[in-house]
Amino acid sequence: MTMTELLTDDIRSHIGRSGPPARVTVTRVDIQKYSAATGQTRQAFLDGDEAPPLFHFNLGLPVLPLDQLRPDGLADDPLIPELPLKRIMAGTCETTFHRPIRAGDELVVTRWLDDIYEKQGGSGPLIFVVLGLKIETAGGEPVLDELISRIAR
Amino acid sequence: MTEYTNIEIGDQLTPRSFETTIVQLFMYNAAVWNPHRIHFDLDYAKNEEGYAGIVNDGPLQGDWMTQIVVDWMGESARLKSFKYSNRQASYLGDRLQAVGTVVGKDDETRQVTLSLAIRNANGDDIAPAEAIVEFS
(Lines give C-alpha, C1' and ligand atoms only; values in the text may rest on other atoms or scores of the structure.)
Protein backbone atom coordinates (compact mmCIF):
# COMPACT_ATOMS: atom_id res chain seq x y z
CA MET A 1 0.00 0.00 0.00
CA THR A 2 1.43 3.40 -0.88
CA MET A 3 1.51 6.25 1.59
CA THR A 4 -1.03 8.29 -0.35
CA GLU A 5 -3.86 5.80 -0.54
CA LEU A 6 -5.50 6.33 2.83
CA LEU A 7 -5.69 10.10 3.08
CA THR A 8 -7.80 11.72 0.40
CA ASP A 9 -7.76 15.39 -0.56
CA ASP A 10 -11.12 15.70 1.13
CA ILE A 11 -9.71 14.40 4.43
CA ARG A 12 -6.68 16.70 4.15
CA SER A 13 -8.92 19.71 3.44
CA HIS A 14 -10.04 19.58 7.09
CA ILE A 15 -6.53 20.40 8.39
CA GLY A 16 -6.49 23.84 9.98
CA ARG A 17 -10.21 24.01 10.71
CA SER A 18 -11.27 25.25 14.15
CA GLY A 19 -14.34 24.52 16.19
CA PRO A 20 -16.36 27.28 17.79
CA PRO A 21 -14.74 28.41 21.07
CA ALA A 22 -16.42 26.85 24.12
CA ARG A 23 -16.96 28.90 27.28
CA VAL A 24 -16.56 26.85 30.44
CA THR A 25 -16.97 27.86 34.07
CA VAL A 26 -14.78 25.70 36.30
CA THR A 27 -16.37 24.93 39.65
CA ARG A 28 -14.68 23.86 42.86
CA VAL A 29 -16.57 20.55 42.80
CA ASP A 30 -15.31 19.81 39.26
CA ILE A 31 -11.74 20.12 40.56
CA GLN A 32 -12.52 18.13 43.72
CA LYS A 33 -13.98 15.24 41.71
CA TYR A 34 -11.00 15.15 39.37
CA SER A 35 -8.56 15.35 42.28
CA ALA A 36 -10.25 12.54 44.21
CA ALA A 37 -10.47 10.32 41.12
CA THR A 38 -6.80 10.74 40.26
CA GLY A 39 -5.49 10.32 43.83
CA GLN A 40 -3.96 13.79 44.22
CA THR A 41 -1.99 14.56 47.38
CA ARG A 42 -1.68 18.38 47.27
CA GLN A 43 -4.27 19.95 49.56
CA ALA A 44 -5.08 22.86 47.21
CA PHE A 45 -6.10 20.30 44.55
CA LEU A 46 -8.17 18.18 46.95
CA ASP A 47 -9.90 21.31 48.27
CA GLY A 48 -10.69 22.40 44.70
CA ASP A 49 -8.86 25.74 44.97
CA GLU A 50 -6.51 24.97 42.11
CA ALA A 51 -6.73 22.32 39.39
CA PRO A 52 -4.06 19.63 38.91
CA PRO A 53 -2.05 20.12 35.68
CA LEU A 54 -4.00 17.65 33.53
CA PHE A 55 -7.47 18.56 34.85
CA HIS A 56 -8.36 20.11 31.48
CA PHE A 57 -8.57 16.75 29.64
CA ASN A 58 -11.83 16.84 27.59
CA LEU A 59 -12.66 20.33 28.93
CA GLY A 60 -14.85 22.25 26.50
CA LEU A 61 -16.07 19.22 24.56
CA PRO A 62 -19.82 19.35 23.93
CA VAL A 63 -21.94 17.22 26.28
CA LEU A 64 -24.19 15.29 23.91
CA PRO A 65 -27.41 13.35 24.52
CA LEU A 66 -27.21 9.56 24.73
CA ASP A 67 -28.68 8.97 21.28
CA GLN A 68 -25.78 10.86 19.69
CA LEU A 69 -23.11 8.52 21.08
CA ARG A 70 -21.55 5.78 18.99
CA PRO A 71 -21.65 2.08 19.93
CA ASP A 72 -18.17 2.44 21.51
CA GLY A 73 -19.58 5.13 23.83
CA LEU A 74 -17.70 8.04 22.29
CA ALA A 75 -19.16 10.94 20.34
CA ASP A 76 -17.94 11.81 16.86
CA ASP A 77 -15.52 14.72 16.99
CA PRO A 78 -16.80 17.27 14.46
CA LEU A 79 -13.19 18.38 13.82
CA ILE A 80 -12.10 14.92 12.63
CA PRO A 81 -13.32 13.82 9.18
CA GLU A 82 -14.40 10.24 8.65
CA LEU A 83 -11.24 8.13 8.40
CA PRO A 84 -10.72 4.82 6.61
CA LEU A 85 -9.26 3.33 9.83
CA LYS A 86 -11.65 3.10 12.76
CA ARG A 87 -9.85 1.92 15.90
CA ILE A 88 -8.65 4.96 17.83
CA MET A 89 -5.83 4.90 20.37
CA ALA A 90 -4.31 7.65 22.49
CA GLY A 91 -0.96 8.95 21.21
CA THR A 92 1.21 11.79 22.46
CA CYS A 93 0.13 14.85 24.44
CA GLU A 94 2.29 17.95 24.83
CA THR A 95 1.12 20.79 27.05
CA THR A 96 2.63 24.20 27.79
CA PHE A 97 1.24 25.74 30.96
CA HIS A 98 0.93 29.51 31.45
CA ARG A 99 -1.06 29.67 34.64
CA PRO A 100 -3.05 27.21 36.78
CA ILE A 101 -6.80 26.76 36.40
CA ARG A 102 -8.62 27.84 39.57
CA ALA A 103 -12.13 27.40 40.94
CA GLY A 104 -14.43 30.01 39.45
CA ASP A 105 -12.36 30.57 36.31
CA GLU A 106 -14.32 31.48 33.20
CA LEU A 107 -12.36 29.83 30.41
CA VAL A 108 -12.51 29.93 26.64
CA VAL A 109 -11.44 26.66 25.01
CA THR A 110 -10.53 26.65 21.32
CA ARG A 111 -9.79 23.42 19.46
CA TRP A 112 -8.55 22.91 15.92
CA LEU A 113 -7.39 20.11 13.65
CA ASP A 114 -3.65 20.73 13.51
CA ASP A 115 -2.56 17.90 11.21
CA ILE A 116 -3.41 14.51 9.75
CA TYR A 117 -0.71 12.24 8.38
CA GLU A 118 -0.09 8.56 7.85
CA LYS A 119 2.76 6.23 8.64
CA GLN A 120 3.42 2.58 7.99
CA GLY A 121 3.36 0.80 11.36
CA GLY A 122 4.74 -2.65 12.17
CA SER A 123 1.33 -4.27 11.72
CA GLY A 124 -0.16 -2.03 9.05
CA PRO A 125 -0.89 1.57 8.21
CA LEU A 126 -1.56 4.16 10.91
CA ILE A 127 -3.24 7.55 10.64
CA PHE A 128 -2.09 10.23 13.08
CA VAL A 129 -4.62 12.92 13.94
CA VAL A 130 -3.18 15.94 15.78
CA LEU A 131 -5.57 18.27 17.59
CA GLY A 132 -4.64 21.66 18.95
CA LEU A 133 -6.09 23.08 22.13
CA LYS A 134 -5.82 26.59 23.49
CA ILE A 135 -7.30 27.65 26.80
CA GLU A 136 -7.53 31.29 27.83
CA THR A 137 -9.49 33.11 30.49
CA ALA A 138 -12.53 35.07 29.34
CA GLY A 139 -10.31 38.15 29.83
CA GLY A 140 -7.78 36.81 27.31
CA GLU A 141 -5.07 35.67 29.74
CA PRO A 142 -3.31 32.57 28.34
CA VAL A 143 -3.81 29.43 30.46
CA LEU A 144 -2.36 26.61 28.38
CA ASP A 145 -1.57 25.37 24.87
CA GLU A 146 -1.63 21.73 23.88
CA LEU A 147 -1.11 19.39 20.96
CA ILE A 148 -2.66 15.95 21.38
CA SER A 149 -2.42 13.11 18.88
CA ARG A 150 -4.70 10.16 18.32
CA ILE A 151 -3.75 7.17 16.26
CA ALA A 152 -6.24 5.33 14.03
CA ARG A 153 -5.45 1.79 12.89
CA MET B 1 10.27 20.55 49.04
CA THR B 2 13.15 20.71 46.57
CA GLU B 3 15.65 23.60 46.77
CA TYR B 4 16.90 24.59 43.32
CA THR B 5 20.52 24.83 44.40
CA ASN B 6 20.52 21.25 45.73
CA ILE B 7 19.24 19.69 42.49
CA GLU B 8 21.73 17.54 40.61
CA ILE B 9 21.47 15.76 37.29
CA GLY B 10 20.72 12.13 38.01
CA ASP B 11 18.56 12.86 41.05
CA GLN B 12 15.65 10.44 41.25
CA LEU B 13 12.13 11.61 42.05
CA THR B 14 10.38 9.59 44.74
CA PRO B 15 8.55 6.92 42.74
CA ARG B 16 4.90 6.19 43.44
CA SER B 17 2.96 2.97 42.86
CA PHE B 18 -0.44 2.97 41.21
CA GLU B 19 -2.93 0.15 40.77
CA THR B 20 -6.34 1.13 39.41
CA THR B 21 -9.60 -0.21 40.79
CA ILE B 22 -12.85 -0.32 38.86
CA VAL B 23 -14.17 2.36 41.23
CA GLN B 24 -11.27 4.66 40.37
CA LEU B 25 -11.73 4.15 36.63
CA PHE B 26 -15.44 4.86 37.02
CA MET B 27 -14.72 8.07 38.94
CA TYR B 28 -11.99 9.24 36.57
CA ASN B 29 -14.03 8.66 33.43
CA ALA B 30 -17.05 10.34 35.02
CA ALA B 31 -14.91 13.33 36.04
CA VAL B 32 -13.53 13.82 32.52
CA TRP B 33 -16.85 12.74 30.91
CA ASN B 34 -15.31 9.90 28.91
CA PRO B 35 -17.82 7.17 28.02
CA HIS B 36 -15.43 4.98 25.97
CA ARG B 37 -16.49 1.42 26.86
CA ILE B 38 -12.94 0.01 26.94
CA HIS B 39 -12.64 1.64 30.39
CA PHE B 40 -15.60 -0.12 32.07
CA ASP B 41 -17.03 -2.89 29.86
CA LEU B 42 -14.81 -5.99 29.90
CA ASP B 43 -16.72 -7.95 27.22
CA TYR B 44 -16.65 -4.97 24.91
CA ALA B 45 -12.95 -4.21 25.51
CA LYS B 46 -11.99 -7.83 24.77
CA ASN B 47 -14.39 -8.83 22.04
CA GLU B 48 -14.85 -5.61 20.09
CA GLU B 49 -11.50 -3.84 20.49
CA GLY B 50 -9.23 -6.82 21.16
CA TYR B 51 -7.78 -5.69 24.49
CA ALA B 52 -6.67 -8.11 27.21
CA GLY B 53 -8.80 -6.42 29.87
CA ILE B 54 -10.38 -3.16 30.96
CA VAL B 55 -8.00 -0.46 29.75
CA ASN B 56 -6.49 2.19 32.04
CA ASP B 57 -6.92 5.69 30.59
CA GLY B 58 -3.75 7.09 29.00
CA PRO B 59 -4.36 10.59 30.42
CA LEU B 60 -4.77 9.11 33.92
CA GLN B 61 -1.26 7.68 33.60
CA GLY B 62 -0.12 11.08 32.39
CA ASP B 63 -1.67 12.62 35.49
CA TRP B 64 0.18 10.18 37.76
CA MET B 65 3.50 11.36 36.33
CA THR B 66 2.58 15.00 36.93
CA GLN B 67 1.80 14.05 40.54
CA ILE B 68 5.32 12.83 41.29
CA VAL B 69 6.60 16.05 39.66
CA VAL B 70 4.30 18.24 41.78
CA ASP B 71 5.30 16.35 44.94
CA TRP B 72 8.98 16.73 44.07
CA MET B 73 9.01 20.39 43.04
CA GLY B 74 6.97 21.81 45.94
CA GLU B 75 4.80 24.92 45.95
CA SER B 76 7.32 27.56 44.90
CA ALA B 77 8.16 26.00 41.51
CA ARG B 78 5.83 25.71 38.54
CA LEU B 79 5.31 23.07 35.89
CA LYS B 80 6.11 24.79 32.61
CA SER B 81 5.55 21.96 30.14
CA PHE B 82 4.71 18.27 30.11
CA LYS B 83 4.78 15.79 27.25
CA TYR B 84 3.91 12.09 27.40
CA SER B 85 3.39 9.28 24.91
CA ASN B 86 1.13 6.26 25.26
CA ARG B 87 3.27 3.40 23.94
CA GLN B 88 1.52 0.34 25.37
CA ALA B 89 -1.84 -0.20 27.03
CA SER B 90 -2.11 -1.10 30.71
CA TYR B 91 -5.05 -2.74 32.38
CA LEU B 92 -7.27 -2.52 35.43
CA GLY B 93 -5.30 -3.63 38.47
CA ASP B 94 -1.86 -3.75 36.78
CA ARG B 95 0.94 -2.90 39.19
CA LEU B 96 2.40 0.32 37.79
CA GLN B 97 4.92 2.83 39.00
CA ALA B 98 5.52 6.47 38.10
CA VAL B 99 9.27 7.16 38.02
CA GLY B 100 11.39 10.18 37.18
CA THR B 101 14.97 11.46 36.97
CA VAL B 102 16.55 14.90 36.66
CA VAL B 103 18.19 15.03 33.21
CA GLY B 104 18.89 18.74 32.77
CA LYS B 105 19.37 21.94 34.72
CA ASP B 106 19.80 25.45 33.32
CA ASP B 107 21.03 28.02 35.83
CA GLU B 108 20.15 30.97 33.58
CA THR B 109 16.45 30.13 33.33
CA ARG B 110 16.31 28.08 36.56
CA GLN B 111 14.57 25.38 34.56
CA VAL B 112 14.99 21.69 35.33
CA THR B 113 14.21 18.95 32.81
CA LEU B 114 12.84 15.66 34.09
CA SER B 115 12.61 12.34 32.28
CA LEU B 116 9.61 10.35 33.49
CA ALA B 117 7.79 7.12 32.77
CA ILE B 118 5.01 4.80 33.79
CA ARG B 119 6.76 1.46 34.35
CA ASN B 120 4.90 -1.84 34.43
CA ALA B 121 5.68 -4.92 36.53
CA ASN B 122 7.90 -6.29 33.72
CA GLY B 123 10.04 -3.15 33.88
CA ASP B 124 8.77 -1.80 30.55
CA ASP B 125 8.30 1.96 30.27
CA ILE B 126 4.84 1.96 28.73
CA ALA B 127 4.41 5.75 28.79
CA PRO B 128 7.59 7.84 28.61
CA ALA B 129 7.35 11.55 29.40
CA GLU B 130 9.32 14.75 29.82
CA ALA B 131 8.58 17.69 32.09
CA ILE B 132 10.15 21.12 32.44
CA VAL B 133 9.90 22.75 35.86
CA GLU B 134 10.75 26.39 36.51
CA PHE B 135 12.03 27.40 39.94
CA SER B 136 11.53 30.90 41.30
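What you see is a predicted model; the values in this text were computed from it and never measured. Quick note: numbers below take in every heavy atom, side chains included, and nothing from hydrogens, waters or symmetry partners. A note on names: the letters A, B, ... follow the listed sequences, proteins ahead of strands, and every chain is numbered from 1.
Residue B:F82 touches chain A through both its backbone and its side chain, counting heavy-atom pairs closer than 4.5 Å. Neither the backbone nor the side chain of B:R87 comes within less than 4.5 Å of any heavy atom in chain A. With a 4.5 Å cut-off on non-hydrogen atoms, B:L79 touches chain A through its backbone and its side chain both. If you measure heavy-atom distances from B:F40 to chain A, you find no contacts under 4.5 Å at all. Contact annotation for B:E49: both backbone and side-chain heavy atoms come within less than 4.5 Å of a heavy atom of chain A. Neither the backbone nor the side chain of A:H56 comes within contact range of chain B; no heavy atoms are under 4.5 Å apart.
When A:I148, A:V63, A:L59 are compared by the number of non-hydrogen pairs under 4.5 Å with chain B, A:V63 comes out ahead.
Transitive grouping of hydrophobic side chains (ILVMFWY, heavy atoms separated by less than 4.5 Å) keeps B:W33 and B:M27 in distinct clusters. Residue A:Y117 is grouped with residue A:L126 when hydrophobic side chains (ILVMFWY) are merged at heavy-atom distances under 4.5 angstrom, including chains of intermediate members. Under a hydrophobic-cluster definition in which Ile, Leu, Val, Met, Phe, Trp and Tyr are linked whenever side-chain heavy atoms come within less than 4.5 Å, directly or via other members, B:F135 and B:L116 are assigned to the same cluster. Under the 4.5 Å side-chain heavy-atom criterion for ILVMFWY residues, no single connected hydrophobic cluster contains both B:F26 and B:Y51. Note on B:L60: it clusters hydrophobically with A:I101, by side-chain heavy-atom contacts below 4.5 Å among ILVMFWY residues.
For A:G73 against B:P35, the heavy-atom pair with the smallest separation is O-CG, 2.9 Å.
Summarising the local packing, CZ of A:R28 is surrounded by more than 12 heavy atoms from other residues, nucleotides or ligands at distances under 6.0 Å. The number of heavy-atom neighbours closer than 6.0 Å to NZ of A:K33, taken from other residues, nucleotides and ligands shown, is 12 or below.
Between the side chain of B:R37 and the main chain of A:P71, a donor-acceptor pair closer than 3.5 Å is present. Side-chain atoms of A:N58 come within 3.5 Å of backbone atoms of B:V32 as a donor-acceptor pair (strictly under, hydrogens ignored).
Close approach to chain B, defined as a heavy atom under 4.5 Å from one of its heavy atoms, is seen in A:A37, A:T38, A:G39, A:Q40, A:T41, A:R42, A:F45 of residues 37-46 of chain A, taken by number. Along residues 82-95 of chain A, the residues that come nearer than 4.5 angstrom to chain B, judged on non-hydrogen atoms, are A:R87, A:M89, A:A90, A:G91, A:T92, A:C93, A:E94, A:T95 in order of number.
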Would A:F57 and B:Y28 satisfy side chain to side chain contact (heavy atoms under 4.5 Å, CB included), going step by step from the backbone distance to the final call? CA-CA 11 Å; A:F57 181 67; B:Y28 177 76; 3.8 Å; yes

Assess the residue pair A:Y34 and B:D63 against the criterion (side-chain hydrogen bond (donor to acceptor under 3.5 Å, both in side chains)); give the C-alpha distance rounded to whole Å, side-chain angles, the decisive distance to 0.1 Å, and a yes or no. CA-CA 10 Å; A:Y34 180 90; B:D63 185 281; 2.6 Å; yes

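Taking CG from A:L144 and OG from B:S81, the interatomic distance works out to 12.0 Å, rounded to the nearest 0.5 Å. Once rounded to the nearest 0.5 Å, the distance linking CD of B:Q67 with CG of A:L54 reads 9.5 Å. Note that NZ of B:K80 is 11.5 Å distant from CZ of A:F97, once rounded to the nearest 0.5 Å.
By the 4.5 Å heavy-atom criterion applied to side chains, B:V70 and A:P53 are counted as neighbours.
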